[in-house]
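Note that the coordinates shown come from a computational prediction; the quantities given were computed from them, not determined experimentally.
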Amino acid sequence: SLPDAWVHFRMVHRLSRNIARDSPGHRSCRADLNLAHLAIERASLDRARHRVESALRTARRLGDDDAEGQGHLLLGLVYHLRGQVNSAEGQYARAIELLTSTGNTRGLSAAYRHRGDLRRARGGRKNAERDLLTSRAIAETGGHGDLYWFARVAHCYFRATKGDLGGQK
């Protein structure tokens, strides 16, 4: 459950900070990312932004491109949910760049799907469809069944809003 996960990740975060003292490390960074994700799920976007910004500072200091890419993905989602579409698109682009370089197919699929949803809402249909199809292909080749279906549903929604289902299921 979300409350249990929140308690667990807060505990991990505190332990990591106590162990590292003045210089948070990889565990603390990952705990911040997990807490940010949970804060987004709870619609606590200010808290999520704070956690992501903390994780990004740590990831940059550690040279952890994967964690930095995940941070940009989550920050993009925060901006997206707030309606700050230009900022969101920039964060998604940076996430895609970093997650491509690290080979993180799970994060990459999510970033393309969220950017595709954003572009669809903005009317950029051609780029939106390309992002949604890319998300689905990455999820499929990466073996991420859950993300494959999320991308497939997003693409079906895209086609339905376009009026292009053509009787397909």
Side-chain angles (χ1 to χ4, degrees), residues 1-119 127 131-132 134-148 150-151 154:
S1 74
L2 285 178
D4 290 342
W6 184 261
V7 169
H8 170 77
F9 288 123
R10 289 275 306 174
M11 183 177 65
V12 169
H13 185 260
R14 284 187 188 127
L15 287 171
S16 298
R17 292 280 176 162
N18 286 339
I19 291 168
R21 298 280 182 223
D22 297 328
S23 181
H26 293 282
R27 285 188 187 93
S28 178
C29 181
R30 295 294 172 169
D32 270 331
L33 291 171
N34 288 325
L35 287 166
H37 190 266
L38 289 171
I40 291 169
E41 291 287 330
R42 298 168 97 184
S44 182
L45 300 181
D46 287 335
R47 181 178 283 169
R49 185 184 51 77
H50 171 74
R51 291 291 181 180
V52 171
E53 288 171 350
S54 175
L56 283 171
R57 283 190 300 275
T58 303
R60 287 182 190 120
R61 185 178 51 75
L62 297 171
D64 187 341
D65 287 347
D66 188 64
E68 186 178 347
Q70 290 177 46
H72 285 288
L73 169 57
L74 291 173
L75 193 54
L77 188 53
V78 168
Y79 288 141
H80 188 161
L81 293 170
R82 285 190 165 156
Q84 297 170 298
V85 293
N86 291 331
S87 296
E89 186 144 6
Q91 293 299 318
Y92 290 147
R94 183 67 177 138
I96 288 168
E97 177 186 331
L98 289 164
L99 296 170
T100 297
S101 75
T102 65
N104 181 338
T105 57
R106 187 167 187 81
L108 198 52
S109 175
Y112 273 108
R113 181 172 47 86
H114 288 305
R115 190 173 75 175
D117 286 338
L118 178 73
R119 287 176 164 179
N127 289 333
D131 281 352
L132 295 171
T134 300
S135 171
R136 189 171 82 184
I138 291 169
E140 186 173 25
T141 58
H144 308 294
D146 57 334
L147 295 181
Y148 170 81
F150 288 146

Task: side chain to side chain contact (heavy atoms under 4.5 Å, CB included) partner of Leu108, the single match among Thr134, Leu99, Thr102 - done: Leu99

TODO: Please say which of Asn104, Asp64, Leu56 ends up in a side chain to side chain contact (heavy atoms under 4.5 Å, CB included) with Gln70.
DONE: Asn104

Starting at [atom1] of [X], measure out to [atom2] of [Y] and round the result to the nearest 0.5 Å.
X      : Y     : atom1 : atom2 : result
Thr100 : Asp65 : OG1   : CG    : 11.5 Å
His37  : Leu77 : NE2   : CG    : 7.5 Å
His114 : Gln91 : NE2   : CD    : 13.5 Å
Arg42  : Ile40 : CZ    : CD1   : 13.0 Å
Arg82  : Leu45 : CZ    : CG    : 5.5 Å

Sub-3.5 Å donor-acceptor pair from the side chain of [X] to the main-chain atoms of [Y], do we have one?
X      : Y      : value
Ser28  : Gly25  : no
Thr141 : Ile138 : yes
Ser54  : His50  : no

Heavy-atom closest contact ([X] atom, [Y] atom, distance):
X      : Y      : answer
Ala36  : Val52  : CB-CG2, 3.4 Å
Leu73  : Ala111 : CD1-CA, 3.6 Å
Ala67  : Leu33  : O-CD1, 3.8 Å
Ser135 : Ser109 : OG-O, 2.8 Å

Indicate yes or no: at least one non-hydrogen side-chain atom of [X] is less than 4.5 angstrom from one of [Y].
X      : Y      : answer
Asn86  : Glu89  : no
Arg113 : Asp131 : no
Asp66  : Arg30  : yes

- [ ] Among residues two or more places apart or on two chains, list those pairs meeting salt bridge (charged side-chain N to carboxylate O under 4.0 Å, His left out) that have a residue in residues 92-103.
- [x] Glu68-Arg94, Arg94-Glu97

Task: Qualifying residue, where the test is salt bridge (charged side-chain N to carboxylate O under 4.0 Å, His left out) with Asp32 and the options are Arg51, Arg49, Arg27 - done: Arg51

Open item on the list: Looking at His144, I'd like to know if its NE2 atom is crowded, meaning that more than 12 non-hydrogen atoms belonging to other residues, nucleotides or ligands lie closer than 6.0 Å.
Closed with: yes

TODO: Decide yes or no on side-chain contact (heavy atoms from CB on, under 4.5 Å) for Val78 and Asp46, but give the supporting numbers first.
DONE: CA-CA 8 Å; Val78 168; Asp46 287 335; over 6 Å; no

- [ ] Taking ring-ring contact (aromatic ring centres under 6.0 Å, His included) as the test, write out the residues that go with His80, two or more places apart.
- [x] Tyr92

